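Computed from a predicted model, the values in this text were never measured in an experiment.
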Amino acid sequence: MLKGKDLLGLYGASAEEICEILDRTAQMKALLLRGGKAESVLRGCALVTLFYENSTRTRTSFELAGKYLGAAEVNVSAASSSVQKGETLIDTGRTLDDMKIDFIAIRHPLAGAPKLLAENVHASVINAGDGMNEHPTQALLDMFTMREKFGGIKGLKVAILGDIKHSRVAKSNLFGLTKLGAEVYMYAPRTLMPRDIEKLGAHVCSSMEEAIEGANCIMGLRIQLERQKGGLFPSLSEYSKFYGVKDGMLGRAAKGAIVMHPGPVNRGIELTPSLIDGESSVINEQVTNGLATRMALLSLLREYREKNL
Ligand code: CP
């Protein structure tokens with residue numbers, strides 16, 4: 001049983017809650033692979049996806065997750081909503097609440113926006129990415145993918161490479177993975193490494209080789225140009241040359257290592273096309289697992305709401 005009505009991040013989630021979501025994700029994935037839907041799970045519920053930033057994977061998978069489990073589902077895009085007329089986030093949330101909805105999956109450029117919304121609505125709020133803070137459902141699907149491949153998380157070495165400073169995916173993975181006993185190694189240009197990240201449990205590496213040596217999982221991150229004010233690295237081609245993961249580097253990783261990326265990928269910048277499309281890549285499986293993860297989370301939040309609200 002989850003301990004609250006919302007999922008705002010993995011910093012505040014317990015290992016037990018994370019494992020419960022991963023276990024339920026396995027059930028949802030089995031359902032998906034059988035080609036099944038379970039429309040009774042969220043029958044009578046309504047889900048709103050409220051996105052103030054672009055998305056393909058997260059928004060679509062939340063919407064499909066709601067539909068496959070029988071919820072009514074509506075998207076509110078900030079670009080075409082009353083946000084453009086000056087409506088505040090809290091007023092938007094309360095307006096949706098007045099329509100008796102059950103879940104809001106929100107993506108917002110400002111860290112903390114989902115928490116503010118959660119404190120002001122009756123609906124369960126799911127953080128679908130807030131600024132540079134957290135993207136908990138992405139980390140959950142990443143952990144599920146690792147658990148599927150290796151049978152568990154404890155003891156895995158996970159190398160997270162690239163624009164860590166601007167990455168909510170890196171932070172949620174760090175919180176979730178360390179809670180389940182993995183070791184997280186990070187490598188980035190100095191300008192793209194957050195200060196004091198080691199205090200949160202990361203091993204900060206001084207070379208790509210150090211990060212990848214013996215790693216079970218190699219996770220590339222997208223360069224988040226939209227969050228940078230410029231000047232953090234000379235050019236994309238130089239970034240790719242010195243900080244992109246190249247084919248030969250996989251030889252340093254552990255036997256059976258997997259290549260991951262949350263997407264969208266800048267081909268040839270963070271990872272070479274042959275790594276993205278190669279045998280070790282699980283990037284496509286991450287997408288399928290994202291749908292199962294969001295189905296699992298919605299079903300668990302419904303159970304919480306039925307027992308507690
Ligand atoms: N990984 C991820 O959040 O992708 P989208 O931006 O397409 O949702």
Contact list for residues 266-275, test salt bridge (Lys or Arg N to Asp or Glu O under 4.0 Å), sequence neighbours left out |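 Listed by first then second residue: Arg267-Asp277.
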Inter-residue atom distance Leu116.CG - Leu89.CG, 0.5 Å rounding = 5.5 Å
If you round to the nearest 0.5 Å, how far is NZ of Lys115 from CD1 of Ile106?
->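 Separation between the atoms: 13.5 Å.
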List the steps and the verdict of ring pair (Phe, Tyr, Trp, His ring centres under 6.0 Å) for Phe103 and Phe62.
-> CA-CA 10 Å; Phe103 312 104; Phe62 267 116; 9.6 Å; no
Aromatic ring pairing His203/Tyr185, orientation class (parallel under 30°, perpendicular over 60°, tilted between) = parallel
Would you say [Y] and [X] are linked by a side-chain donor-acceptor pair, where the criterion is simply a distance under 3.5 Å?
{"X": "Thr137", "Y": "Arg294", "answer": "yes"}
{"X": "Asp247", "Y": "Ser274", "answer": "yes"}
{"X": "Arg222", "Y": "His261", "answer": "no"}

Can you tell which of Leu31, Leu69, Leu298 makes a side chain to side chain contact (heavy atoms under 4.5 Å, CB included) with Val41?
->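 Only match with Val41 under side chain to side chain contact (heavy atoms under 4.5 Å, CB included): Leu69.
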Whether [Y] and [X] form a salt bridge (side-chain N of Lys/Arg under 4.0 Å from carboxylate O of Asp/Glu) is what I want to check.
{"X": "Glu53", "Y": "Arg168", "value": "yes"}
{"X": "Arg302", "Y": "Glu306", "value": "yes"}
{"X": "Glu63", "Y": "Arg59", "value": "yes"}
{"X": "Asp196", "Y": "Lys199", "value": "yes"}

side-chain hydrogen bond (donor to acceptor under 3.5 Å, both in side chains) against Thr56, all qualifying residues, sequence neighbours excluded =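 Applying side-chain hydrogen bond (donor to acceptor under 3.5 Å, both in side chains) to Thr56 gives none.
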Within-4.5 Å side-chain heavy-atom neighbours: Thr92 and Thr95 = no
Do the non-hydrogen side-chain atoms of Glu134 and Tyr11 ever get within less than 4.5 Å of each other?
->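 Result yes, sub-4.5 Å side-chain heavy-atom pair found.
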Can you give each donor-acceptor pair under 3.5 Å made by side-chain atoms of residues 141-162, sequence neighbours left out, with the distance rounded to 0.1 Å?
| residue | atom | partner | partner atom | Å |
| --- | --- | --- | --- | --- |
| Asp142 | OD1 | Gln138 | NE2 | 3.0 |
| Asp142 | OD1 | Gln286 | NE2 | 2.8 |
| Asp142 | OD2 | Asn173 | ND2 | 2.9 |
| Thr145 | OG1 | Leu141 | O | 2.7 |
| Thr145 | OG1 | Asn289 | ND2 | 2.9 |
| Arg147 | NH1 | Asp23 | OD1 | 2.9 |
| Arg147 | NH2 | Leu22 | O | 3.3 |
| Arg147 | NH2 | Asp23 | OD1 | 3.2 |
| Glu148 | OE1 | Lys29 | NZ | 3.2 |
| Glu148 | OE1 | Asn289 | ND2 | 3.3 |
| Glu148 | OE2 | Lys29 | NZ | 3.0 |
| Lys149 | NZ | Glu285 | OE1 | 2.9 |
| Lys157 | NZ | Glu210 | O | 3.1 |
| Lys157 | NZ | Ala211 | O | 3.4 |
| Lys157 | NZ | Glu213 | O | 2.7 |

If every non-hydrogen atom of Gly220 is compared with every non-hydrogen atom of Leu271, which pair is closest and at what distance?
-> CA-CD2, 4.4 Å
Please assess Thr49 against Asn75 for the test side chain to side chain donor-acceptor pair (under 3.5 Å), listing each intermediate value before the final yes or no.
-> CA-CA 5 Å; Thr49 51; Asn75 169 250; 3.0 Å; yes
List the steps and the verdict of salt bridge (Lys or Arg N to Asp or Glu O under 4.0 Å) for Glu303 and Arg24.
-> CA-CA 12 Å; Glu303 288 168 17; Arg24 181 67 61 90; 2.9 Å; yes
Hey, is CG on Asn54 packed in by over 12 heavy atoms from elsewhere, all under 6.0 Å?
-> no
